[in-house]
Amino acid sequence: LYIIVGYVGYIILTQNMARLLGSRLHALTSGDLRDRIFDLAQRAGVKLKQVYVLPETSAQLSNAFARSDNSVLITNSLLKNLSRREVDGIVAHEIGHLQAKHPQTSGTITVIVIVTANLVFGFITSLAGLQNATPFVFAAAVGTANLVVFFRSRRNERKADAIGVSLTGDPEAFIGGLARLSRLNLMPL
């Protein structure tokens with residue numbers, strides 16, 4: 001029941017997020033930036049589907065994202081505030097995520113951990129005679145999945161860093177781009 005409710009909730013959330021962002025996302029259909037990104041993807045052996053730009057809103061976010069549909073999303077703020085070399089370094093990092101299939105495996109791992117943890121925690125609570133603990137079991141399973149994904153994400157980020165730097169051959173621009181993103185997003189370096 002929890003899996004069905006979770007899946008339906010996931011579908012509703014993704015459709016609404018797509019609808020919310022879809023009206024604001026702009027696909028890059030031509031231009032130097034698109035060509036550079038597709039060239040990086042080709043060098044990485046990634047079949048890139050599309051590059052999207054998210055226009056600025058009242059909350060300025062400077063970032064780039066690898067999506068599970070083999071596309072890359074870049075915020076306009078990132079493009080406006082970083083140099084060409086820095087943009088290429090940051091995008092190469094995102095292509096590194098796509099090459100290593102991080103977006104796809106994170107979702108799969110989350111589902112596997114939630115199902116496994118539900119079974120294990122459910123078995124433990126039934127042995128302990130705690131029949132009314134089902135909501136706590138599910139919450140513990142989701143928490144466990146989040147922890148597993150968090151600890152895996154550190155390794156994934158380091159791997160994407162290495163792939164991105166190898167694609168551009170420009171570690172200084174990548175480091176400079178990360179430092180500038182930290183300052184723009186008011187994050188600690």
Side-chain angles (χ1 to χ4, degrees), residues 13-110 146 149-189:
L13 178 66
T14 55
Q15 286 176 347
N16 287 328
M17 287 302 288
R19 201 173 308 133
L20 175 68
L21 290 176
S23 63
R24 297 182 0 203
L25 289 180
H26 301 287
L28 285 181
T29 56
S30 64
D32 178 56
L33 175 62
R34 183 183 190 281
D35 294 344
R36 290 191 339 252
I37 294 170
F38 271 83
D39 180 55
L40 286 168
Q42 184 179 14
R43 282 192 271 159
V46 171
K47 179 109 172 102
L48 191 61
K49 180 181 169 188
Q50 187 57 270
V51 178
Y52 297 99
V53 176
L54 181 63
E56 292 181 57
T57 61
S58 58
Q60 297 229 353
L61 172 67
S62 297
N63 214 336
F65 307 94
R67 297 174 24 148
S68 60
D69 65 349
N70 264 17
S71 61
V72 174
L73 185 141
I74 307 166
T75 63
N76 195 51
S77 177
L78 178 138
L79 296 173
K80 188 171 80 174
N81 292 298
L82 271 66
S83 72
R84 174 188 170 116
R85 288 175 50 219
E86 291 168 339
V87 169
D88 287 352
I90 298 299
V91 170
H93 166 91
E94 299 307 326
I95 289 172
H97 281 303
L98 294 177
Q99 183 188 52
K101 300 194 182 315
H102 293 154
Q104 294 87 348
T105 57
S106 287
T108 303
I109 289 170
T110 299
N146 284 331
V149 168
F150 172 78
F151 286 114
R152 277 189 52 86
S153 74
R154 298 296 92 216
R155 187 177 69 194
N156 291 350
E157 291 301 322
R158 287 190 297 276
K159 186 171 184 175
D161 289 347
I163 293 169
V165 168
S166 72
L167 285 173
T168 62
D170 193 356
E172 291 84 13
F174 179 64
I175 294 167
L178 287 178
R180 192 169 303 201
L181 285 179
S182 293
R183 286 191 301 277
L184 288 168
N185 293 320
L186 305 174
M187 301 279 295
L189 188 59

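One-based numbering along the sequence shown. The figures here come from the full heavy-atom set of this structure, side chains too, leaving out hydrogens, waters and symmetry mates.
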Determine the minimum heavy-atom distance between [X] and [Y], stating which atoms define it.
| X | Y | result |
| --- | --- | --- |
| Leu98 | Ser71 | CD1-O, 4.1 Å |
| Ala66 | His97 | CB-CB, 3.8 Å |
| Ser106 | Asn156 | OG-ND2, 4.4 Å |
| Ser62 | Asn185 | O-ND2, 2.6 Å |
| Arg84 | Asp32 | NH1-OD2, 2.8 Å |
| Pro103 | Arg67 | CB-C, 4.0 Å |

Could you walk me through whether Leu33 and Val87 pass side chain to side chain contact (heavy atoms under 4.5 Å, CB included), step by step? CA-CA 9 Å; Leu33 175 62; Val87 169; 4.0 Å; yes
When rounded to the nearest 0.5 angstrom, what is the spacing between [atom1] in [X] and [atom2] in [Y]?
| X | Y | atom1 | atom2 | answer |
| --- | --- | --- | --- | --- |
| Ile90 | Thr168 | CD1 | OG1 | 10.0 Å |
| Gln50 | Phe38 | CD | CZ | 5.5 Å |
| Asn63 | Leu181 | CG | CG | 6.0 Å |
| Leu184 | Lys80 | CG | NZ | 9.5 Å |
| Asp170 | Asp88 | CG | CG | 8.5 Å |

Would the distance check show the side chain of Gln99 and the main-chain N or O of Val46 forming a donor-acceptor pair, the cut-off being under 3.5 Å?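 It does not hold such a pair.
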Hey, is the main chain of Ser77 close enough, under 3.5 Å, to the side chain of Asn81 for a donor-acceptor pair?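 Indeed, once roles are kept as given, a pair shorter than 3.5 Å links the two residues.
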Going by distance alone, is a donor N or O of one side chain under 3.5 Å from an acceptor N or O of the other, for Asp161 and His93?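 Short answer, yes.
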Any luck finding a side-chain donor-acceptor pair between Glu157 and His102 under 3.5 Å?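 There is no such pair between these side chains.
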Walk me through it: do Arg36 and Leu40 pass the test side chain to side chain contact (heavy atoms under 4.5 Å, CB included)? CA-CA 6 Å; Arg36 290 191 339 252; Leu40 286 168; 5.6 Å; no
Looking at Phe150, is Arg152 sitting on its ring face, NZ or CZ under 6.0 Å from the six-membered ring centre and within 45 degrees of the normal?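 Judged by the rule, Arg152 and Phe150 form no cation-pi pair.
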Name of the residue among Leu28, Leu48, Val53 meeting side chain to side chain contact (heavy atoms under 4.5 Å, CB included) with Val72: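 Result: among Leu28, Leu48, Val53, Leu48 is the only option passing the side chain to side chain contact (heavy atoms under 4.5 Å, CB included) with Val72.
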Checking side chain to side chain contact (heavy atoms under 4.5 Å, CB included) between Ile74 and each of Leu54, Leu82, Ile37, which is the one that passes?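 Going through Leu54, Leu82, Ile37 one by one, the side chain to side chain contact (heavy atoms under 4.5 Å, CB included) with Ile74 is satisfied by Ile37 alone.
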Do Thr75 and Leu78 pass the side chain to side chain contact (heavy atoms under 4.5 Å, CB included) test, and can you show the C-alpha distance, the side-chain angles, and the key distance before you say yes or no? CA-CA 5 Å; Thr75 63; Leu78 178 138; 3.5 Å; yes
Between Arg85 and Phe174, is there a side-chain heavy-atom distance shorter than 4.5 Å?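 SC-SC contact between Phe174 and Arg85 ruled out.
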